[in-house]
Enquirer: 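Can you keep this structure in mind? I'll have questions shortly.
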Amino acid sequence: MKPQLLTGGEAVAHAMRQIDPDVVPVYPITPQTPIIQVFASLTADGRDHTEIVNVESEHSAMSAAIGSALAGARTMTATSSQGLALMAEVVYIAAAMRAPIVVALGNRALSGPINIHCDHSDSMLIRDSGAIQLFVENAQEAYDVMLLAVRLAEQVLLPVFVCQDGFTITHSAEPVRLLSDRKVKDFIGEYAIPNSFLDVEHPTSQGPFAMPDYYYELRHQQVDAMSAALPAIDELGDELSGLTARRYSVVEEYRLDGAERAVVCLGSTAGTVKDVVDELRDEGEPVGLLRICAFRPFPERAICAALADVDEVIVLDRADAPGARGPLATEVAAALFGSDIDLRGHVYGLGGRELHPEDIRAVIDGRSDRYVGLRSAACLA
Amino acid sequence: MKPQLLTGGEAVAHAMRQIDPDVVPVYPITPQTPIIQVFASLTADGRDHTEIVNVESEHSAMSAAIGSALAGARTMTATSSQGLALMAEVVYIAAAMRAPIVVALGNRALSGPINIHCDHSDSMLIRDSGAIQLFVENAQEAYDVMLLAVRLAEQVLLPVFVCQDGFTITHSAEPVRLLSDRKVKDFIGEYAIPNSFLDVEHPTSQGPFAMPDYYYELRHQQVDAMSAALPAIDELGDELSGLTARRYSVVEEYRLDGAERAVVCLGSTAGTVKDVVDELRDEGEPVGLLRICAFRPFPERAICAALADVDEVIVLDRADAPGARGPLATEVAAALFGSDIDLRGHVYGLGGRELHPEDIRAVIDGRSDRYVGLRSAACLA
Amino acid sequence: MSRLKTLACNECGVPPLGAGHSLCQGCGIPLVVRTVLDSIAGPKVVVSATGCLEVATTRFPTTAWNVPWMHVAFENSAAVAAGAESAYRALRRRRTLDGDDITFVVFAGDGGTYDIGMQALSGALERGHRFIFCCYDNEAYMNTGVQRSGATPFGASTTTSPSGKVGLGKMQERKDMTAIAVAHHVPYVAQAVASHWDDLSRKAEKAAAANGPAFLNVLSDCPVGWGHEPREFKRILDAAVETRFWPLYEVDHGAFKLTYEPAERVPVERWLDGQKRFKHLLEPENGDLVRHIQRRIDEDWDALVARCS
Amino acid sequence: MSRLKTLACNECGVPPLGAGHSLCQGCGIPLVVRTVLDSIAGPKVVVSATGCLEVATTRFPTTAWNVPWMHVAFENSAAVAAGAESAYRALRRRRTLDGDDITFVVFAGDGGTYDIGMQALSGALERGHRFIFCCYDNEAYMNTGVQRSGATPFGASTTTSPSGKVGLGKMQERKDMTAIAVAHHVPYVAQAVASHWDDLSRKAEKAAAANGPAFLNVLSDCPVGWGHEPREFKRILDAAVETRFWPLYEVDHGAFKLTYEPAERVPVERWLDGQKRFKHLLEPENGDLVRHIQRRIDEDWDALVARCS
Amino acid sequence: MPDLLGWRELPLGGVVEPHEDQRPHTGSYRTGLRPAVDMSKCVNCLLCWMYCPDSAVRQEAGHFTHIDLDFCKGCEICAEICPVGAIEMVKE
Amino acid sequence: MPDLLGWRELPLGGVVEPHEDQRPHTGSYRTGLRPAVDMSKCVNCLLCWMYCPDSAVRQEAGHFTHIDLDFCKGCEICAEICPVGAIEMVKE
Amino acid sequence: MIEVRWHARASQGAKTAAQLLAEAMLRAGQHVQAFPEYGPERRGAPMRAYTRIDRRPIRRHDSVTHPDVVVVLDPSLVHESDVTEGMADGGLVLVNASTAPPELTGRNVRCVATRDNVNVAMAGAVVAALGEPSSNDVAEAAVALLGKKANADVLRAAAKEGFDA
Amino acid sequence: MIEVRWHARASQGAKTAAQLLAEAMLRAGQHVQAFPEYGPERRGAPMRAYTRIDRRPIRRHDSVTHPDVVVVLDPSLVHESDVTEGMADGGLVLVNASTAPPELTGRNVRCVATRDNVNVAMAGAVVAALGEPSSNDVAEAAVALLGKKANADVLRAAAKEGFDA
Ligand SMILES: Cc1ncc(C[n+]2csc(CCOP(=O)(O)OP(=O)(O)O)c2C)c(N)n1
Ligand SMILES: Cc1ncc(C[n+]2csc(CCOP(=O)(O)OP(=O)(O)O)c2C)c(N)n1
Ligand code: SF4
Ligand code: SF4
Ligand code: SF4
Ligand code: SF4
Ligand code: SF4
Ligand code: SF4
Ligand SMILES: [Mg+2]
Ligand SMILES: [Mg+2]
């Protein structure tokens, strides 16, 4: 198909139309709104028969999604920021109950102060939840990875969040190639789960109470499922590549061959970094990029392998943890612990603060503060 | 005063009676209940004039606490597990609005499956929130640190969570020495905040909307406040020591002198580890313990200094992150990055799974699995 | 007695909630659950909110439930049921699910209904999901040790509204959840009590037949939290009805109807008496409180009777 | 007109919500806010829920508010106000705060009231905090781009209930939030409209005087979301009242009273007409929907009139 | 005592199927008294069956059969409710 | 354009005090029309003051004074509402 | 360190018994720890509680797996599970019964038949068995802990009954 | 890469204009990106949007700070802020006005006075200024993007008007 001009949000809405989930319980929040609005208008035009449940809060959105997914219906939802924070309690439970819900997340800074723009603090909030998180770089990938996510969720039986940068991807129109409806249907296949709540012939009790004698073991199932997800992402990625001729993996290595310095980051920033890497390479600087595509499961081995030969790693965190290091830098450091690589962590872009190529250059050159772009004193607007 | 037999929960309730906060909005949840029940019964007996607000959910408990604290009233609350998960969204905002709320947290495993026993997954959920988290080892320290927390919160203007292990501390009766009411009053002083919401003569707007031009800077105030909290904890600890003759700091070093191996952990487990360390030392094994008392702010420097001379660090995480390492081990690794210390991370005790001295010995000896005490195959009960 | 045989027959030898749970001796909840479920012919699935019922019936790896049952959390049972019911409708429409019509039933305590579960319930009622939300209302958070809830009646002592040297129990009125549900203009709302099982059974039947959300608010005793011997349960619950503290009525498509009329006006002391949580109210110095309670009961009763006519 | 002078006088030259906010041209919200606040003599403090009002009046580092104002999140404005009011009572009792009595006012949109803010509100009403909760009800989530809320009327097209080739707008009835508040048995509840400022003003006065929680549900237009020119606002809001779609009434300690009686029965088309969100309803093939809406209005009106007598 | 299963052996997501025989025998909750039924008095009204909180009263095809003492917690409700006094609480 | 402040200079917790002069001049939202008042017709009913969504109508001691065009967004509501037709929308 | 495990039915007062023993020992200058085991079980269900007693501060925070003393408040529990689990051979079992249940044959069993205030009486019996502190100490501990809910003389009598049994 | 910045008032259609230009360029085989700047501002408030055009895939995801072309849909905006901010001296400013505002003196200004469908017309004008693709391409792009909401011929006319202006 020819490329269409679509925002990331629209691209995901089209993916949803093609996936044609049975149920979508959802609650609006900027910048996720274009996803659900476009999807709703496609539904209103009769292209789809999804049961959209306009719930009264995100806590209920995720709760209804669990009820629906475990009742045997393919279920998706979408949210951002405060919405994710409000449903966080239930995201853990969705993972524990092995509900294969696909969530389109438009990453946005958490309050306070309230802000509608991008950072990754919302994703970071659920990093222990047992949910898979796949970050995408642009609108095309947002579309592609939604398809992959359906397969992945239903294979390993965990919720999968497809994380796209709020506004930067959700609201940016870019050329996107859609697959045909038929190819999508064939790729995703039929929905199936081991125990349907609606199977009245074989009644099950789902979500029991666990004492110390069993909690640990039940929780460990998710650790196991996450381990299975790592190869599954690569396998499904290969299968999808067959249809799109684009590559998907748990990490993307960009010009790391012979690189002495490597930037590590998530999401749309990687695109800007690529431009800078190309420039620096042209200038003779051996710089590369490692984009982490799967943040959960965290691809430690792939990271270590990709960075084995670099001297210095520069991690860009689009989230911070007051009183501690940036979450991504912390995890990369732990992964590389024991190597003799130098590692620097920088925080950037909180609440939608822009990161331009010159900022990235400054970071790579070591001319930047730990908090990139932070104003410590007044300056002219 | 003579020691009294009190559970951690009761000890904290007595601290609250002595602190005599103006407002306590609270919602019940096991294992926090003894705290609020004992406190309520002390109030019903007329010893206290606190306005207890029995809210309808934890989300409202923290929300009401913000309204109250910023209206100029000393405000405390208490929660556990799902309660903390439900209020998580608002904890971030409390920190951003600089509301000095003191929260007694009875650590309990997050669902699912639902479980009422101890682990630290609830604390970990809010590790990026900007709230301070102080972990205590026993009932006495739970009492002491509640007093310290009031001063700390009001000095650095951040919420402070006093984290005690659910059941293991909240429900275990131990000898606790209370200070006299007068000493407590003198120590904590009067409540004061920079801008009261009720100051109708000097109206302020609190909780505004921030665009990318200001979000980053506003959020950075919390990073700054956290930096200020580190020395503040030690200073206030010294001041409190003057009254109790017990020590408080961001970390506790136990027999690290000459230690080749060091265990790092949080909370009540440290007590059990101390017994094991003593035993091993008696047997000639150079082993020590580093207990992290302030988990937020994370005392990186103190940790590095304390562990500078050991060969191997063994981090015990009472929480896990499916698809990644244990959160504490990750942060300790990042702190020690670049050193040539060996580091091992173990997960233990999820959902109240017991950790006995023999388990700790096995961990130290390297005879234990990464997941301590996890059953991978059936065994006799 | 033929209704009881029908119920027994609906159960077909397999009680929906079976033996072997760890609810207290004499707990009122199972009676509510079994009466409601046994009154519904055909397959049914159950969603439970966190609370005594959930905690005590499904300790892993066992379950006391013989019908499909799901628990997710405390505050979201209506949302979980709404999700499952939406899935059901979607799958039916797409013809990928067959079999007899399934009835969706939620059981939640008063905490999971009046307080923390209120919003999810209200939203589900507004959206019109076809399900029965049954609150077993034992007037406090029992599972966590008898704390005050929105359903705790005025004056009752709980661990968070204790009577004491200065405390007199809960000092707010009970939230009128039945009226709130009625204000949602759903097809069927009823107030019932565990001890009038036949009345409850009839209401459950109507609720199951309603073409949209139905709400049942069932007063259910808790010997532990109320402070009485289990065997007293019927005397006490009946007193709630006879004193008009807990009128039995239904609102069917907006039409109010008393389903049981106490013969005469029985003073509220009959209800307060014999429950430890009310003991302090019966001290002579607290006569004013009792009179206040009686006045509210009388007013509410008159207002209800007015709407029933 | 002396009431307007009183309001002007209460304002003392400093409007509580001043100029320089970024609400849309002709937005109905400021009228609601100023009428309510100006009707209250003495100091007042305001809590806002996330929504158009909050986002557009306090872009850091500026504020359009001249009275103390606080925002925490979307769903918890009633809880925040409850906390502040509890602090106020505690500090008053401890005599560490003096000055004139402060009135606590919450402003929240319909989303922050009917849906996501419902539970916090219900809890605060039950606990009896002394505050006014004022919903500016513009019948959708406007701030995020006109999505359906519990307050969106049947048939209205929104971005999540769009009319289209098969969609006909929202297919559920509007949640009756005023009735739900009434069912909480609080001292004062009223339904008002932005265009009848005098009626609203009187109600705000009563709400401020109530010895406990008061709830005001004020229909407020949104030219953007409803699809009309700003100058049409009065015609349209008045039509909501005249067609009896939005009756003006109050419930003072349980006593119902219509505060304005439309002279004659005006067909609902008068209200639907001129608003883009209802356009599809007025297509000939959707006559059934309009008749359905009219029938519901008539029934609800009769039921309301019955309670008012 | 049953075996405790390892994590690999547990049902996915902790889903439980009803197995009457694995349920804890809550008959041990009884504190000295147990119900004894005088079948000659019983009129088969099934009230005891309905009211028993522990589903310990068994019926077949609408006929009272017996009380399952493995599960009866001895709450005395059946004895209280029986309209003909057919159930008496007796010492264990 | 005002300076953008650095984080050290910001008020704690982002608390804002009202400063009328720092507020954005929303008069620029007008799209061609502005209200013009014929003071000779005005009967001082203050309805325009009450109804103006932008608090742009000014009064003093209960007397209409003027419309602040720095903030008036030109919504036409005042013109619509004025009972005596004293306000007209005119081209800028 | 002496470790005591209490077996009872929920609401029989094992938690209080464990604390009572601790309180008595604390008054006698010992370091102590007392805690119950919690589950979803309700009135009537079997449950356990623990008391630790030592001359030095008690720091460990794990449950007791190898008790020195086991106290059984309800003898019927002996049929349901092995109350001596983890106890060394010489360990003492105190049972609230007039004769030792057959399941405990071969164990060092002491029977203490009490009826009212079982928990107080059994705490008294443990104190007696441990040889310290005095009958008086445990009686006063009982009054301090339970005096609000029960008559002081009755409590003293119960403690003494157990101590002397 | 060509970077275009659009200045308009909220609801004047700058977002659409930016997309329209991108759509026309995409149809002509270019790589594109189009996005608006979002804030809490409402109808009437000043806002910006951006279009990027390149022969190679566009990967960067930051906002445009150094535009090659600036398009001003509402000339009054010129008084409020410096619309040429960040633009190199030779950059082109397209203004929807009949005469160049004095603020833009010294700039390379082209005036395109349009009244209806301002955004479509101005997109047409940008295409004309960039020299590609054809007037037809932008007209068809307008129909593709807006055909549901507006009459196709009117759209085509507007695009042509701008292109030819
Ligand atoms: C978010 C959250 N808050 C608190 C709890 C703790 N909690 C579990 S059940 C319960 C009380 C339940 O009360 P109710 O709904 O009346 O049911 P009952 O216990 O009376 O059966 C509480 C407070 C929880 N599980 N989750
Ligand atoms: C937890 C959460 N969910 C969603 C949002 C996004 N959100 C902010 S305001 C709003 C709509 C507000 O609607 P309403 O209360 O009716 O006020 P209005 O916008 O109409 O003024 C939404 C959905 C949020 N801020 N927080
Ligand atoms: S505490 Fe009350 S409600 Fe809960 S199981 Fe026991 S009797 Fe039933
Ligand atoms: S969108 Fe509607 S409610 Fe929001 S500011 Fe604009 S007109 Fe007002
Ligand atoms: S005593 Fe209670 S538990 Fe036993 S059979 Fe009778 S009613 Fe059931
Ligand atoms: S209640 Fe009595 S009469 Fe009725 S079935 Fe039971 S034993 Fe028989
Ligand atoms: S046109 Fe609108 S904004 Fe301007 S003064 Fe009149 S009412 Fe106010
Ligand atoms: S509405 Fe007209 S008459 Fe009234 S004050 Fe304004 S300008 Fe004067
Ligand atoms: Mg209850
Ligand atoms: Mg709204």
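The basis for the numbers below is simple: all heavy atoms, side chains too, and nothing from hydrogens, waters or symmetry mates.
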Enquirer: Look at A/P299, A/G112, A/P297 and state which one has the largest set of heavy-atom pairs under 4.5 Å with chain B.
Expert: A/G112
Enquirer: For A/Q222, is it the side chain, the backbone, both or neither that has a heavy atom under 4.5 Å from a heavy atom of chain B?
Expert: both
Enquirer: For chain A, find which of B/G338, B/A109, B/S339 contributes the most heavy-atom pairs closer than 4.5 angstrom.
Expert: B/A109
Enquirer: Below 4.5 Å from any heavy atom of chain B, which atoms of A/F295 appear? Answer side chain, backbone, both or neither.
Expert: neither
Enquirer: Output every pair passing salt bridge (Lys or Arg N to Asp or Glu O under 4.0 Å) with a member in residues 334-349 of chain B, not counting sequence neighbours, ordered by first then second residue.
Expert: B/E312-B/R344
Enquirer: Please state whether the side chain, the backbone, both or neither of B/E300 comes within less than 4.5 Å of a heavy atom of chain A.
Expert: side chain
Enquirer: Please answer whether the main-chain N or O of B/G166 pairs with a side-chain N or O of B/H171 as donor and acceptor at a distance below 3.5 Å.
Expert: no
Enquirer: Quick check on the interface: out of A/P208, A/A131, A/A88, who has the most heavy-atom pairs with chain B under 4.5 Å?
Expert: A/P208
Enquirer: Check the side chains of B/S368 and B/Y348 for a donor-acceptor pair under 3.5 angstrom, ignoring hydrogens and angles.
Expert: no
Enquirer: In terms of heavy-atom proximity below 4.5 Å to chain A, should B/S227 be classed as side chain, backbone, both, or neither?
Expert: neither
Enquirer: Please rank A/L84, A/I93, A/V223, A/N115 by heavy-atom pairs under 4.5 Å with chain B and give me the top one.
Expert: A/N115
Enquirer: Check whether any side-chain N or O of B/R353 sits under 3.5 Å from a backbone N or O of B/G373 as a donor-acceptor pair, and report yes or no.
Expert: yes
Enquirer: Is the side chain of A/S60 donor-acceptor paired with the backbone N or O of A/S63 at a distance under 3.5 Å, no angle test?
Expert: no
Enquirer: With only heavy atoms counted, which part of B/D320 is less than 4.5 Å from chain A, the side chain, the backbone, both or neither?
Expert: both
Enquirer: Between A/D234 and A/P231 (side chain of the first, backbone of the second, donor and acceptor by atom type, cut-off under 3.5 Å), is there such a pair?
Expert: no
Enquirer: Answer yes if the side chains of A/H120 and A/D165 hold a donor-acceptor pair under 3.5 Å, and no otherwise.
Expert: yes
Enquirer: Of the listed residues (B/I132, B/V332, B/L218, B/L110), which shares the most heavy-atom pairs with chain A below a 4.5 Å separation?
Expert: B/L110
Enquirer: Between A/R375 and B/D213, is there a side-chain N and carboxylate O pair less than 4.0 Å apart?
Expert: no
Enquirer: For A/Q206, does its backbone N or O pair with a side-chain atom of A/T204 as donor and acceptor, under 3.5 Å?
Expert: no
Enquirer: Answer with side chain, backbone, both or neither: which region of B/R296 has an atom nearer than 4.5 Å to a non-hydrogen atom of chain A?
Expert: side chain
Enquirer: Do you know which of A/H59, A/H220, A/H117 has the most heavy-atom pairs under 4.5 Å to chain B?
Expert: A/H220
Enquirer: Would you call A/Y92 and A/M97 a side-chain contact if the rule is heavy atoms closer than 4.5 Å?
Expert: no
Enquirer: For B/V347, is it the side chain, the backbone, both, or neither that has a heavy atom closer than 4.5 Å to a heavy atom of chain A?
Expert: both
Enquirer: With side chain to side chain contact (heavy atoms under 4.5 Å, CB included) as the test, would you mind laying out the steps for B/R219 and B/Y214 before giving the verdict?
Expert: CA-CA 9 Å; B/R219 170 104 180 146; B/Y214 272 113; over 6 Å; no
Enquirer: Tell me which of these, B/A96, B/A85, B/P322, has more heavy-atom pairs under 4.5 Å with chain A than the rest.
Expert: B/P322
Enquirer: Who pairs with B/R108 by side-chain hydrogen bond (donor to acceptor under 3.5 Å, both in side chains), at least two apart in sequence or on another chain?
Expert: B/S81
Enquirer: What part of B/A294 gets within 4.5 angstrom of chain A, counting heavy atoms only: side chain, backbone, both, or neither?
Expert: neither
Enquirer: Please check if any side-chain donor atom of B/E331 sits under 3.5 Å from a side-chain acceptor atom of A/T330, or the reverse.
Expert: no
Enquirer: In terms of heavy-atom pairs under 4.5 Å with chain A, which of B/M226, B/M87, B/M124, B/E354 leads?
Expert: B/M226
Enquirer: Heavy-atom distance under 4.5 Å to chain B: side chain of A/A335, backbone, both or neither?
Expert: backbone
Enquirer: Count the heavy-atom pairs under 4.5 Å between each of A/A321, A/P212, A/G351 and chain B, then report the option with the highest count.
Expert: A/P212
Enquirer: Check whether A/L230 gets within reach of chain B through its side chain, its backbone, both or neither, counting any heavy atom under 4.5 Å.
Expert: neither
Enquirer: So for A/P327, is it side chain, backbone, both, or neither that comes closer than 4.5 Å to the heavy atoms of chain B?
Expert: side chain
Enquirer: Only pairs of heavy atoms separated by less than 4.5 Å count here; which of A/G345, A/A210, A/G352 has the most with chain B?
Expert: A/A210
